[in-house]
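What follows is one structure encoded as structure tokens, with my remarks underneath.
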Number of protein chains: 2
Amino acid sequence: MTKPDKRQEIVRAALDLFAEQGFHGAPMALIAERAGVGAGTIYRYFENRDILIQELYKELEAEITPFITDGYSDQAPFRARFLHLGTRFLRYCIEYPLHFRYLEQFHNSPYGVAYRRDKLLGKEGQCNVFTELFEQGCAQQVVKDFPLPMLCALLFGPLLSVARDHILGFLQLDDSMIERTIEACWDAIKR
Amino acid sequence: MTKPDKRQEIVRAALDLFAEQGFHGAPMALIAERAGVGAGTIYRYFENRDILIQELYKELEAEITPFITDGYSDQAPFRARFLHLGTRFLRYCIEYPLHFRYLEQFHNSPYGVAYRRDKLLGKEGQCNVFTELFEQGCAQQVVKDFPLPMLCALLFGPLLSVARDHILGFLQLDDSMIERTIEACWDAIKR
DNA sequence: AAAAATGGAATGAACATTCACTCTATTCAT
DNA sequence: ATGAATAGAGTGAATGTTCATTCCATTTTT
């Protein structure tokens with residue numbers, strides 16, 4: 001119960017602190033304290049701060065795809081699939097606000113840009129459920145004739161913004177509102 | 001020619017560095033060097049780093065509204081006004097990439113959240129061209145029945161995302177693409 | 001009793017901010 | 001008009017603080 005136990009605590013503490021305070025409100029000493037661990041112990045599990053930050057990102061990324069594709073059938077009609085993925089994505093953001101906030105931090109940092117660039121070049125892995133979906137949509141001519149990043153912007157732009165507002169309390173997202181949000185995004189991308 | 005000269009240089013250097021490197025890649029010493037000024041001099045014009053960051057934001061904010069409302073008539077039909085403002089906004093982002101990157105930095109930082117909260121409470125100033133526009137749209141029932149933050153999300157979400165992609169080179173925004181982008185946002189909000 | 005893991009004090013680097021001093025130009029006295 | 005005095009902008013080395021990271025004495029596991 002020791003090996004993964006401490007690592008787990010460190011990851012949890014780091015996630016909490018980074019999400020709540022941002023990367024710069026979370027010194028290693030604080031993470032250690034929050035994890036109930038000595039400062040040096042972190043370095044047994046993570047080579048340095050940057051690597052901790054990146055590992056954390058990878059863990060969250062690995063977690064999100066299963067959540068989103070739960071109950072997803074790639075045989076369903078395009079619109080249904082779009083609504084499904086969009087809804088699940090937004091739900092993930094508001095059900096795991098700490099994860100969401102962490103992901104946002106990451107994306108808006110130098111790490112995120114570098115990461116994104118790598119992704120677009122060697123286009124492997126990623127949220128390729130969406131990539132796949134949009135490419136099919138283009139092929140079937142059910143979505144507007146836009147490059148992929150544009151389609152992503154039209155979906156994720158609003159969703160991230162709305163999730164942020166919900167978490168900060170500027171907006172109340174209930175089931176019905178979530179549904180209407182995704183429908184509005186659909187209006188934006190449908191041909 | 002001395003008084004505003006140095007201040008101007010400091011502001012310019014800070015904008016460049018913050019936009020290019022993020023708040024954390026820009027120590028005061030570097031800003032001073034880039035401005036051709038002694039490190040202490042910055043403190044003659046700005047009480048401290050935080051205040052420099054905030055003043056810079058205010059300057060940019062003051063600059064954007066005139067740019068956006070250039071050629072704008074609040075008598076025009078709703079759709080035309082929406083397209084006008086959306087287009088101008090996006091143009092601003094891509095014509096002044098440094099300003100845009102700075103504004104993004106700011107919004108994604110603790111400063112930004114605090115600022116936003118203040119704005120929503122004592123709702124004065126802000127991009128209230130948009131606030132006004134959306135409120136009229138609701139009243140005239142030409143836009144979907146959504147709270148204001150949702151309408152903002154459906155417009156600014158995609159625009160910011162797309163501007164970012166353009167600046168980072170992930171996407172090429174020419175005149176026609178800009179127009180089509182705003183039209184897609186219109187599809188999202190129109191009733 | 002090794003070996004591995006842990007804690008946390010110690011270290012050193014990076015930085016924001018300060019302050020004693022310099023330099024310039026404006027005012028004042030002659 | 002000339003030189004002395006003053007004000008205050010400008011400077012950057014020195015200071016103090018905040019961290020990430022290291023190191024090793026101690027504890028735990030094998």
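If you're wondering where the values come from, they're calculated on a predicted model, not measured in any experiment. Labels below follow one simple rule: chain letters A, B, ... track the order of the sequence lines, proteins then strands, and each chain is numbered from 1.
Distance A/Phe46 CZ to C/dT6 P: 12 Å, rounded to the nearest Å. The distance from atom CD of B/Gln21 to atom C1' of C/dC15 is 16 Å, rounded to the nearest whole Å. C/dT6 atom P lies 12 Å from atom CD of A/Glu9, rounded to whole Å. Atom CZ of A/Phe18 and atom C1' of D/dA20 are 12 Å apart (whole Å). As rounded to whole Å, 12 Å separates atom P of C/dA16 from atom NE2 of A/His24. Residue A/Leu17 contributes atom CG, which lies 12 Å from atom P of D/dC19 at whole-angstrom precision. The OH-C1' distance, from B/Tyr43 to D/dG8, rounds to 20 Å in whole Å. Here the P atom of nucleotide C/dG8 and the CD1 atom of A/Ile10 are 14 Å apart, to the nearest Å.
Surrounding CD of B/Glu63 are more than 12 heavy atoms belonging to other residues, nucleotides or ligands, all under 6.0 Å away.
Residues from residues 30-41 of chain B placing a heavy atom under 4.0 Å of any atom in DNA chain D, listed by number, are B/Val37, B/Gly38, B/Ala39, B/Gly40, B/Thr41. Applying a 4.0 Å cut-off to non-hydrogen atoms, the residues of residues 47-57 of chain A that approach DNA chain D are A/Asn48, A/Arg49, listed by residue number.
Between its opening and closing five pairs, the helix from C/dA1-D/dT30 to C/dT30-D/dA1 changes axis direction by 10°, a value rounded to 10 degrees.
Taking the side chain as every heavy atom from C-beta outward, A/Leu83 and A/Glu183 approach each other to under 4.5 Å.
B/Lys144 places a side-chain N or O within donor-acceptor distance of the main-chain N or O of B/Ala188, the cut-off being under 3.5 Å.
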| query | Do A/Glu9 and A/Arg12 pass the salt bridge (Lys or Arg N to Asp or Glu O under 4.0 Å) test, and can you show the C-alpha distance, the side-chain angles, and the key distance before you say yes or no? | reply | CA-CA 5 Å; A/Glu9 284 307 302; A/Arg12 220 173 45 74; 3.1 Å; yes

| request: Apply side chain to side chain donor-acceptor pair (under 3.5 Å) to B/Tyr57 and B/Gln105, showing your working. | output: CA-CA 10 Å; B/Tyr57 180 80; B/Gln105 297 272 341; over 6 Å; no

| field | A/Val143/A/Phe78 under side chain to side chain contact (heavy atoms under 4.5 Å, CB included): CA gap, chis, key distance, verdict | value | CA-CA 9 Å; A/Val143 307; A/Phe78 182 84; 3.5 Å; yes

Short N/O separations, protein against nucleotides 20-26 of chain C, under 3.5 angstrom:
none

Scan the side chains in residues 161-174 of chain A for donor-acceptor partners under 3.5 Å anywhere in the protein, sequence neighbours excluded, and list what turns up.
unit_1: A/Arg164; atom_1: NH1; unit_2: A/Glu104; atom_2: OE1; d: 2.9
unit_1: A/Arg164; atom_1: NH1; unit_2: A/Glu104; atom_2: OE2; d: 2.8
unit_1: A/Asp165; atom_1: OD1; unit_2: B/Arg116; atom_2: NH1; d: 2.9
unit_1: A/Asp165; atom_1: OD1; unit_2: B/Arg116; atom_2: NH2; d: 3.2
unit_1: A/Asp165; atom_1: OD2; unit_2: B/Arg116; atom_2: NH2; d: 3.4
unit_1: A/His166; atom_1: ND1; unit_2: A/Leu173; atom_2: N; d: 3.0
unit_1: A/Asp174; atom_1: OD1; unit_2: A/Ser176; atom_2: N; d: 3.4
unit_1: A/Asp174; atom_1: OD1; unit_2: A/Met177; atom_2: N; d: 2.8

Could you list the donor-acceptor pairs under 3.5 angstrom formed between side-chain atoms of residues 34-44 of chain A and any protein atom two or more places apart in sequence or on another chain?
unit_1: A/Thr41; atom_1: OG1; unit_2: A/Gly38; atom_2: O; d: 3.4

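Between B/Phe23 and B/Tyr102, the ring planes are perpendicular. Angles over 60° get that label, and only those under 30° would be called parallel. Aromatic ring orientation, A/Tyr111 versus A/Phe106: parallel (interplanar angle below 30°, classes split at 30° and 60°). Classification of the B/His24-A/His24 ring pair by plane angle, with boundaries at 30° and 60°, yields parallel. Taking the six-membered ring where the residue is Trp, A/Tyr96 and A/Phe67 present perpendicular rings, their angle passing 60° and hence far from 30°.
Of the residues A/Leu133, A/Leu155, A/Ile182, the one that meets the side chain to side chain contact (heavy atoms under 4.5 Å, CB included) test with A/Leu85 is A/Leu133.
We find that B/Asp175 and B/Arg91 are joined by a salt bridge, their nearest charged nitrogen and carboxylate oxygen being less than 4.0 Å apart.
Distances shorter than 4.0 Å separate none of the side-chain N or O atoms of A/Lys6 from OP1 or OP2 on C/dA4.
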